[in-house]
Each structure stands twice: as structure tokens, then as C-alpha cells.
Amino acid sequence: MALKLYNTLTRHKEPFETLETGQVRVYCCGVTVYDYCHLGHARSYIVWDTVRRYLQWCGYQVRYVQNFTDIDDKILNRARQEGSTMQAVAERFTQAYFEDMERLNIQQADAYPLATHTIDGIKRLIHELENKGYAYPAEGDVYYAVRRFPQYGKLSGRKLEEMQAGASGRVAIEEPGVSDRMSPKKDPFDFALWKAAKPGEPAWESPWGMGRPGWHIECSAMVRQCLGETIDIHVGGSDLVFPHHENEIAQSEVVTGKSLARYWLHNGMVNVGGEKMSKSLGNFTTIRDLLNAPNLLEPMVLRLFVLQAQYRKPIDFTDPAIASAQNSWLTLKEGLLFGYQYGEQLGWSDRHDVSFGDPACMRISTSELVKRFQIAMDDDFNTPGALAVLFELAKDLRREGNLLIHAGTSETDSQALRQQWQTLVCLAQVLGLESRPPMITETSHAVASPATVSGTGIGSLSDAQIESLVQQRQSARQAKNFAEGDRIRNELQAQGIILIDQPGGVTRWHRS
RNA sequence: GGCGGCAUGGCCAAGUGGUAAGGCAGGGGCCUGCAAAGCCCUUACCCCCAGUUCGAAUCUGGGUGCCGCCUCCA
């Protein structure tokens, strides 16, 4: 049993080996903070959070670093539009990022370096590149001379000769007189390490004049500063493979003479109608738009939606897909809440302990199901396979719960059920899927002993009123007056009271 | 044009040589006055063609279709 990961660098699944025993250093490319995060971002960070959780569960000590790009043309444009400043825009959307991620149960990184706080490291790196002859200044900019680095293209598997500069259609092919400023690049594939400041833009002093860093260089500087010269895992969206990660490698490896990362992992895109969700296409939905009114989607639905596909494959964001995930989550949630709902009835004496329901305090056996979960996750984080295990546990628990509600008892051993529940809670937590009751009160047994249930909802019937109506219905039914009996049941149902007729003429009830 | 990826039931999705996990949605039956719950049953020629093999969704070759990247990107 050993973890294997698909490494973009080699295009193979490889056994995972750490640089230092028991320690994993991970760098994740973060967002440019100029707008709210959309579902593409959600997927990426849910996936990497799950990878991190799994590594932790396997016993690794994980150091996880993720940057914020807080200087960029898009941020400046937004600031200009709003009559605001780059810093204000960046801070606002950084805050929004944290809010969104917290809802999705994404653990905080160990460090969040900012581009604007890494200027010294960036300048040092550029300087070293310049000294080694890989960077050249031009009109206040500094460029990386891509053709000097023979290994350029090793991550994305391309050769400069085979690429068609400008094929994406986004870069104006430079023709004399067309652009207002001819690029001073010596080669179209060269990229900017440092950009000369335009009037009025934030700028830092440097040996090349007032300016600001290019995009790619910040990650090279941050990895080096926060994690060291070689890290275990570098992750990000598959759209970053080229040129961003390729450029990071070119920058870092020339300076250090060492590999930047052992494993490169890339997540697949979120599609809409078969096309990539992106800002430029305008087909994006922000995380908050999906989770806030009017959708009021539980954040775990989004998490589940993402984890139901293998992380490298594209997923299609559609209404039916979300509806399906929503129902799936309901099933899982019922299982996760099982202990809270039925623990008392099953005689779990520690139900009111603070640690009840805390996965950290649970001990799960190495059952067949846990092994299956592990085998799935060990295979390049096969979360759909892992989820199949969770569903088996949850569905089983749901069945037991139904039997407890409807029959009042279950054949299954209480401790066996407890083991199942704890296994589910623990494994679900590895995937970041969690649910706890909104509040636990002494009187919140939703089932089993109606007399102790307190009706607190506005306009709800008291227990005595309910009992009385149930009695009336019993009488009607005994008199074969089923119309009246059904009328009373419907009336109660409208108030959220569910009646269950049992063999022997006993009617149980509970609030839904 | 170059590089890479994908194609499995109504929808989603695992599975990389031995005869198809799981989720969602549906159908039928038992039980029940009706419900609820439970139980049982139920839907796949794995894009096409050729090949290798005792045996292929899984390997090889050739098609077809879709997607991503080729300096904004998660």
C-alpha cells in the first residue's frame, strides 16, 4: 500500500517519496486578487486541500504555502475603475477569498506570501539570473532569455520550434505601427521578470529603474523563501502548466542548479457547456453566487460535486449535476449526523461529552472499507472511489436510522453501529466533508420519545396537542373513518409532524 | 500547425487483460386501509474498425468526436 501520484513532469504515476522522512513541502499557486473566486478556483483549492488532508492522514507533516498575487494589471485596472487603490482592491478580495474558502472547509495554508512583500527576494533572483546571463534588461524591463535554458519545455512537453507564438489569439502579433510600444523582447518567447513602471502605478526601486515584478517570478521567489530550493509537491490548475510553471522552473533551476519540485500536480478545469469556465469567456459563477441566496446551497454540496470526479479530469458544471450532488450530500449528511441523532437511543453514554463527534478523538479500525478507501486515495487521489466507501457506510447508517425511527429498534449491535459511524466521520473528514447538528440541546431527541421533545418552533403545536390529535385519529381509524384519519395526518404533516403507524395499532410521531 | 487529454447505463462517475464500484434519477413487486420505513427484483453489446491474446472497456494500429494549452488564467 503506497501512495502514487501522477506527475505532470514525467506523465506517469509515480510512487510518492519525500525529500525528508515524514515531511512534505507543498506549494500551491494562489489567486490574483482582483475579483471574487469562481467555481474553477473552488475546484482547485478543494482538490489541493483534500490532497493535503490525505497526506496528513497518512501521517506526513505537511507544510503548505500558497501565494496571493497582489500586484497585476487586472488589479490596477479594477482600482482605476473604482477610483480605488491597488492595495485596497487586493485586500478586499483577499478577505473575500478567505471567507469563501472557510465555507468550503479549506484549511488555511501555513503561509500566504504576498507578491508585494516579496520584492527583495524577487529582485535578488532577477539579479542572479542576470549575473548568470539568463536575464537581460531592455528599456526598463527585464526579460528572461528562454532560449538560454535548454530544458525549457520539459514540464509542458513542448519545444520552442513547435510552438506557434500567438496561437492562442490573445497576444497581438507585433507588426510595425500596430502596437503603441514595440516590445523590447529579443525573442517572442522571452517573458518579463521585471516591468518598468508606468506613470502613476505602484513601483519599487530597482537596479533597472522604478518598476514592478513580472508574474512568474514571484512564485520562484516565494518557494525559495518559504520552503527551500527543492520542494516535494507543486500544485496548481492545469492551465498554469504553460507558461507559468514552465517559467518558474526556468527561473528557479537556473539559479539553484536544483530541481524546483519533485512532483507537479495539476487539476482539471471546470467546464460550462463543455467549455472551460473562465473570466474572459464570461461563463463563470462565483462561489458566493452559488452558495448565497437564492440558491442557498450548502457548501458541502460544492465540495462533494468536485470530489465526485477524479481531480485531473474536467468536470461540467450544470444544474442537474448540482442537483444530483445536493441529493448525494443529503445521504452522506444523514450518515454523518447518525451519532447525534441516535446515539442516545443506542446508549452511547458519552454523547454529551465535548469530544463526541470529534474525529480526532475517534479510533477507527482497519476494516475492509477503510482499506478500500486507502487503496482508492493512494491511487492518485481517486476521490470517486473513496466516496463509494463513504456512501456504503452512510447508506447503511441511514437504513439503521430509519429502522430506529420506524420500528424503534435495530438488530445491529450498538457498538458495531458506533464503529461504522466513527469510520464514516473520520473518512469523510479526510475529504473535508463534515456535518454537525446546528446545536445540541438536552431535549433535542428528534425521535423515540415524543414526550420529551420540546416544541419550540413558532406556531408549532405542543406535545399535548399533538398527542390529542393522534388520539382523535386513532379513534377515527378504529371507526374505519379513514378520510378523517388522513385529514388529521395531513394537518399534522403540514405542521411538520410525521406520523408512523406501526403494527399493533401503535402510532409513533416525530417532528421532521 | 504543435503538444497534451478525454470518449463506460437516462445523467454523473470508478475500473488499465479474466468478464462492469459508487452516486443521482427511474421501473416492478411484497408489506400497508392509505402513508412511512423495510425487503426483493430491475435497466451497459464500455465511440467505430482492425489486430494481439485462451480471454480486452482495459494492450497495439487506424478512424471519428469533444476538450485543454501554445505567454490573462485555478
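Keep in mind that what you see is a predicted model, and the values were worked out from it rather than measured. Letters go in sequence order (proteins before strands), and every chain restarts at 1. Keep in mind that the numbers below use all heavy atoms, side chains included, and drop hydrogens, waters and symmetry copies.
- Contacts with RNA chain B (heavy atom under 4.0 Å) in residues 318-337 of chain A: A:Ser324, A:Asn327, A:Ser328, A:Thr331, listed by number.
- Across the P atoms, B:C66 and B:G29 are found 43 Å apart, a figure rounded to whole Å.
- If you take atom P in B:C59 and the same atom in B:G10, they sit 24 Å apart, rounded to whole Å.
- No hydrogens or angles were tested; on distance alone, a donor-acceptor pair under 3.5 Å links the side chain of A:Asp501 to the base of B:C34.
- Looking at the side chain of A:Arg399, the nearest of the listed nucleotides B:G38, B:C3, B:A21 is B:G38.
- Aromatic pair A:Tyr143/A:Phe191: centroids not less than 6.0 angstrom apart.
- Remark: the A:Arg43 side chain and the B:A74 base include no donor-acceptor N/O pair separated by less than 3.5 Å.
- The P atoms of B:U8 and B:C67 are separated by 15 Å, rounded to the nearest whole Å.
- Which of B:G68, B:G38, B:C6 sits closest to the side chain of A:Lys276 comes down to B:G68.
- Comparing B:G55 with B:G18, their P atoms are spaced 15 Å from each other, to the whole Å.
- For the pair A:Leu155 CG and B:C3 P, the computed distance is 17 Å after rounding to whole Å.
- Counting non-hydrogen atoms under 4.0 angstrom, A:His38 reaches a base of the nucleic acid.
- Between A:Arg147 and A:Asp190 there is no salt bridge, since no side-chain N of the basic residue sits under 4.0 Å from a carboxylate O of the acidic one.
- For the OP1/OP2 pair of B:A37 and a distance below 4.0 Å, the side-chain nitrogens and oxygens of A:His406 include no atom meeting the criterion.
- The gap from the C1' atom of B:U43 to that of B:G5 amounts to 31 Å, rounded to the nearest Å.
- Separating the C1' atom of B:G65 from that of B:G28 is a span of 37 Å, rounded to the nearest Å.
- Between A:Glu201 and A:Arg212, at least one side-chain N (NZ, or NE/NH1/NH2) sits under 4.0 Å from a carboxylate O, which counts as a salt bridge.
- A:Lys313 comes within contact range of the sugar-phosphate backbone alone, with a heavy-atom separation under 4.0 Å but no base atom that close.
- Within 4.0 Å (heavy atoms only), A:Asp73 reaches no atom of the nucleic acid at all.
- One can find a donor-acceptor pair under 3.5 Å joining the base of B:G33 and the side-chain atoms of A:Arg477.
- Using a 4.0 Å heavy-atom distance criterion, A:Lys13 is classed as making no nucleic acid contact.
- B:C45 sits 26 Å from B:U52 when the P atoms are compared, rounded to a whole Å.
- The pair A:Glu99-A:Arg103 fails the salt-bridge criterion, with no side-chain N (NZ, NE, NH1 or NH2) lying under 4.0 Å from an Asp/Glu carboxylate O.
- Residue A:Asp486 places a side-chain atom within donor-acceptor reach of the base of B:G33, judged by atom type and a 3.5 Å distance cut-off alone.
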Canonical and wobble pairing (Watson-Crick, G-U, under 3.5 Å) of RNA chain B, dot-bracket with |: ((((((((.[[[..)..(...]]].(((((.......)))))....[[[[[..)....]]]]])))))))....
